[in-house]
Each structure stands twice: as C-alpha cells, then as structure tokens.
2 protein chains.
Amino acid sequence: MNSFTEENYLKAIYKLIEKSGSSVSTNAIAEKICTKAASVTDMLKKLSDKKLINYQKYQGVTLTSKGEKVALSVIRKHRLWEMFLLEKLDFKWDEVHDVAEQLEHINSDKLIEQIDKFLNYPKFDPHGDPIPDANGKIQVQKSKSIAHFIKNDVIVMTGVVDHSPAFLQYLDNTGLALGDEIKIKEVVFFDRSLQIIINKKSTIFISNDVAKNILAIKK
Amino acid sequence: MNSFTEENYLKAIYKLIEKSGSSVSTNAIAEKICTKAASVTDMLKKLSDKKLINYQKYQGVTLTSKGEKVALSVIRKHRLWEMFLLEKLDFKWDEVHDVAEQLEHINSDKLIEQIDKFLNYPKFDPHGDPIPDANGKIQVQKSKSIAHFIKNDVIVMTGVVDHSPAFLQYLDNTGLALGDEIKIKEVVFFDRSLQIIINKKSTIFISNDVAKNILAIKK
DNA sequence: AAATAAATTTAGGGTAGTCTAAAAACTATT
DNA sequence: AATAGTTTTTAGACTACCCTAAATTTATTT
C-alpha cells in the first residue's frame with residue numbers, strides 16, 4: 001500500500017504531465033506540492049524504488065503504468081467524492097475541494113464502487129473534469145474555452161479551467177453552472193469581452209479573463 | 001488540530017475508561033492500540049502537554065474535558081459513518097468497522113453535520129451503540145444482555161457486546177438484527193441456552209455464550 | 001569553450017511515531 | 001521491612017517525511 005504522501009506526489013506528477021505533455025521537473029513538483037526541492041528528490045528516489053515512476057537524476061520524471069494507475073485511482077476517488085458532496089450533501093461548488101482532498105485517500109474498493117453506484121456512475125465531476133472508471137479509463141470531452149467561440153454560437157457549459165473558490169463563487173453569483181446553455185450574443189472587438197444569454201433567459205457580460213476560464217462545446 | 005494517532009489514543013482511553021469506570025493503565029492502552037508500552041508512555045507525555053489527559057507517572061490516566069470532547073467527536077464520526085455505510089451504501093454489518101476506522105479522522109464539521117442530517121439524526125449506530133451529538137451528549141439505553149431475561153419475556157434487540165465480524169456474521173446467518181422482537185420461549189436449566197422466537201416467526205436455539213453478547217430491552 | 005546562472009542532489013539535521021532493552025518505581029509476599 | 005514480581009519509564013535507535021545549506025550537474029550566455 002502507498003502512503004498518503006506518496007499518493008499526493010503521484011497525483012501531482014500525473015497532473016503536471018497532463019498539463020505539460022512531457023516529463024516533469026523536481027522544481028515543478030515542489031511548487032505543486034508546496035514543499036522544497038530537496039524533499040521532492042527524497043521522495044522521487046522512494047517512488048522510483050517502488051517502480052511507480054521513471055526517474056534518472058537530473059532528468060525529470062514520468063509515471064510508470066503502475067504509478068499512473070495509482071494516480072488515476074486517487075483522482076477517481078477525489079472526483080467521485082466531490083460529486084457526492086455536491087449532489088448528496090448540499091455542499092457548494094467551492095467547498096468540496098478541501099474535504100475531497102482528505103477523502104481521496106480512504107482505502108476501500110467497496111466504498112468507492114458503492115459511491116460510484118450511488119451517484120449513478122457519473123462521467124464528469126462538478127468542475128467538468130472527467131472521472132476515471134475503476135480501470136483508469138477516462139472519457140474525453142473536446143470542449144474549448146468560450147473565448148474561442150463567435151457571435152451567435154450556441155454552446156453548452158462543460159467545465160472550468162480555474163478551480164479556485166473565488167472563481168467558482170463568481171460563477172455561482174452570476175448564475176452560471178455546468179450544463180447551462182450559453183448563446184454568444186455579442187463579442188466586443190476591443191477587449192474581447194462577451195455578452196451572453198444563459199438558458200435563453202438572463203443576459204450577462206463577462207470579461208475575456210472570465211471567458212478563458214469557462215469550457216463549453218457546440219450544441 | 002490533533003493528529004490521526006493522537007485521536008486514536010484518546011478514543012482508546014475513552015473506551016477503556018467507559019468499560020472499567022476508572023483510570024486506565026499504560027499496558028491496557030498498549031494492548032488496545034496494538035503497540036508497546038514504551039510507545040504509549042511517549043504519547044501520554046505528549047497528550048498531557050496538550051492538556052488532553054490527566055497523567056502522573058505510574059498513576060494511570062483519565063481524560064480532561066478537552067480530551068473527552070475530542071474522543072466523543074471521533075466516536076460520533078465513527079458511528080455516523082458506520083450508519084451511513086450500512087444504510088446508504090449496502091455494506092454488511094461486519095464490513096463497516098474498518099472503513100469507519102479511516103473515515104472517523106476526516107476533518108470537516110460541515111461534512112459530519114450533513115451526514116448526520118442525511119441519516120435523519122440517528123441516536124444509535126448499527127451495533128446499538130449510542131451516537132454522541134455535536135456537543136458530545138450521549139443518549140443512554142438501559143438494555144441488558146438477553147441471558148438475564150426469563151421465560152416468556154418479550155424483548156427488543158438493541159445492540160451487541162461482541163463487535164467481531166465472526167459474531168456479527170453469525171447473527172446475520174441466524175437472521176437476528178437490531179430492532180427484532182424476541183420472545184424467550186424456553187431457558188434450558190442445565191446450560192442456560194435459550195430457545196427464542198424472532199419476530200413471532202422463526203424459532204431458534206442460541207447458547208448462553210451467544211445470549212450474553214446480545215443486548216435487549218423489555219418491550 | 002569558459003564562465004555564469006539555474007536546477008538538482010547530497011549532507012546533515014529535525015519531528016512524529018515506532019521499537020527493544022535496561023533501569024526505575026510501584027505491588028505483593030513473606 | 002526486605003525481596004521478588006510486575007508495571008512503567010527512560011535510553012537509544014529506526015523509518016517516514018520535512019528542512020537548510022552546500023555541492024554538483026545541467027543550461028545559458030558570452
């Protein structure tokens with residue numbers, strides 16, 4: 001079994017590789033985990049000994065398939081717990097992360113399979129991120145930031161880029177939620193801000209900064 | 001905040017005091033936690049420094065009100081999670097303990113209050129043990145082992161003494177569950193075994209050893 | 001190709017929790 | 001009250017994880 005800490009390292013490495021598409025550096029991991037590079041080096045040796053990562057001094061790391069499996073299982077648990085908190089326990093969008101961060105390390109296959117069943121096998125979490133299945137398979141969703149759509153496009157909100165409580169609260173306040181239909185009514189040429197219609201009802205204005213952080217697909 | 005380990009020590013001390021009614025010894029704690037006396041002594045110093053226990057070398061320990069509060073909060077979480085697993089996630093009676101042992105250390109007031117609400121504020125857990133409320137208050141239930149009842153008593157099963165998977169599985173197999181009505185049909189004089197009728201339907205025989213481990217109250 | 005800068009690793013040490021073995025303090029017996 | 005037995009504590013050491021500071025390797029600049 002892997003420790004709480006090992007699981008967090010593997011998850012961080014997975015996410016960094018996912019974002020960059022290549023092997024990740026010691027410093028990048030240190031920043032992600034909020035620790036120091038020296039501590040990371042220690043852990044990389046340990047994870048390498050356990051055959052969870054491919055690591056050669058000074059060369060950056062990638063995950064072995066064994067390591068990737070662990071990372072995906074942690075991510076699966078995290079996202080299912082987020083979903084559970086939101087749907088069943090009336091948590092707010094921005095409250096789920098910290099608790100899920102703890103729950104993701106609970107070790108029980110039966111528990112997580114039952115939670116999955118209880119939620120009726122969701123494929124995406126409350127942020128629009130895909131939930132790996134029990135075998136680590138991920139369903140992809142080819143959504144783009146809404147800053148890339150043009151006037152009169154009708155789209156469906158599928159996720160967010162920025163996961164910070166501040167941003168999520170902002171969305172809550174504007175009434176924007178996953179699954180909403182969005183029509184691009186106007187694109188302001190000079191600052192690329194948008195005028196959008198949510199669910200054929202309310203019309204709001206959002207800045208390009210916000211638009212870049214909202215994901216959607218063509219309807 | 002208290003560590004996972006500190007919480008486990010406080011919980012163990014609470015349970016030992018509850019059972020014995022007096023202060024507990026280093027050795028008793030060591031046995032309960034499955035560790036060595038020397039490790040216990042170390043931890044007792046630490047808990048004493050944090051004003052969670054009353055401890056004088058060689059004199060045994062009791063909980064301070066601060067320590068008792070922590071212990072009760074852990075027990076509350078444990079029993080609510082057991083209830084949740086059993087009622088909402090189709091866990092068996094004997095499967096819940098190990099997972100609840102992990103979940104009891106999750107730190108989130110909102111989470112446990114919502115679980116409590118989700119379960120509709122139960123007062124007793126699946127083993128018939130009382131669930132402390134958010135303030136640590138416990139509702140007592142003056143039940144006795146069914147070995148103490150006599151012929152023709154009609155009683156309701158409220159709990160168990162032995163919490164081992166083996167015993168719980170045995171009960172499952174015989175069809176005995178919390179809340180069942182039990183009528184004492186016969187008490188065999190020579191070995192004090194019982195013939196009982198469950199819910200006015202099935203008649204079964206149980207040994208005195210088993211009877212001593214089943215709790216019930218007069219109907 | 002040196003020299004400098006940046007990233008990474010090593011060295012040495014700290015805390016939390018564990019252990020074994022030995023010393024000290026209680027308890028019970030005579 | 002002294003001895004024997006048991007319990008508890010101390011001493012010293014181990015693992016997991018973290019740190020700072022120094023050394024080493026790689027990358028960049030001239």
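Labels below follow one simple rule: chain letters A, B, ... track the order of the sequence lines, proteins then strands, and each chain is numbered from 1. None of these values were measured; they are calculated from a predicted model.
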task: Identify whether the distance between the nearest side-chain nitrogen and carboxylate oxygen of Arg76(B) and Asp116(B) falls below 4.0 Å.
output: yes

task: Would you kindly give the CD1-to-C1' distance between Ile29(A) and dC18(D), to the nearest whole Å?
output: 16 Å

- prompt: Rounded to the nearest Å, what distance is computed from the CG atom of residue Asp49(B) to the P atom of nucleotide dA16(C)?
  reply: 11 Å

- prompt: Counting side-chain heavy atoms from CB outward, which of dC18(D), dA21(D), dT8(C) is closest to Tyr58(A)?
  reply: dT8(C)

message: Looking at Lys57(B), I'd like to know whether one of its side-chain N or O atoms comes within less than 4.0 Å of OP1 or OP2 on dT10(D).
response: yes

field: NZ/Lys69(A): more than 12 non-hydrogen atoms of other groups inside 6.0 Å
entry: no

message: Is the phosphate of dT8(C) approached by Tyr55(A) (side-chain N or O, under 4.0 Å from OP1 or OP2)?
response: no

query: Quick one: do the Asp162(A) and Ser164(A) side chains pair a donor with an acceptor below 3.5 Å?
result: yes

- prompt: Are any side-chain N or O atoms of Lys144(A) and backbone N or O atoms of Phe149(A), one a donor and one an acceptor, separated by less than 3.5 Å?
  reply: no

- prompt: Out of dT9(D), dC18(D), dA7(C), which has the shortest distance to the side chain of Asn27(A)?
  reply: dA7(C)

task: Among the candidates dT9(C), dC19(C), dT20(D), find the nucleotide nearest to the side-chain atoms of Asp42(B).
output: dC19(C)

query: So, is Tyr9(A) near the phosphate of dA16(D), with a side-chain N or O under 4.0 Å from OP1 or OP2?
result: no

message: How many whole angstroms separate atom NZ of Lys50(A) from atom C1' of dA16(D)?
response: 11 Å

query: Taking CE from Met43(A) and C1' from dT8(C), how many angstroms apart are they, rounded to a whole number?
result: 17 Å

- prompt: Between Lys36(B) and dT20(C), does any side-chain N or O lie under 4.0 Å from OP1 or OP2?
  reply: yes

statement: Checking dA11(D), dC19(D), dT8(D) against the side chain of Ser25(B) (C-beta onward), the nearest is dT8(D)

- prompt: Are Thr41(B) and dT9(D) close enough that a side-chain N or O sits under 4.0 Å from OP1 or OP2?
  reply: yes

message: At less than 4.0 Å, is any side-chain N or O atom of Thr26(A) found next to OP1 or OP2 of dA7(C)? Yes or no.
response: no

field: Nucleotide of dT10(C), dT9(D), dT18(C) approaching Thr35(B) most closely (side-chain heavy atoms)
entry: dT18(C)

Toward the 5' end of DNA chain D, by each residue's nearest nucleotide, Gln59(A) or Val40(A): Val40(A)

task: Round to a whole Å and report the spacing from NZ of Lys45(B) to C1' of dT8(D).
output: 11 Å

message: Using a heavy-atom cut-off of 4.0 Å across all strands, would you classify Ser39(A) as base, sugar-phosphate, or nothing?
response: base

field: Side chains of His127(A) and Glu82(A), donor plus acceptor under 3.5 Å
entry: yes

query: Atom CD of Gln56(B) and atom P of dT8(D): how far apart are they, to the nearest Å?
result: 15 Å

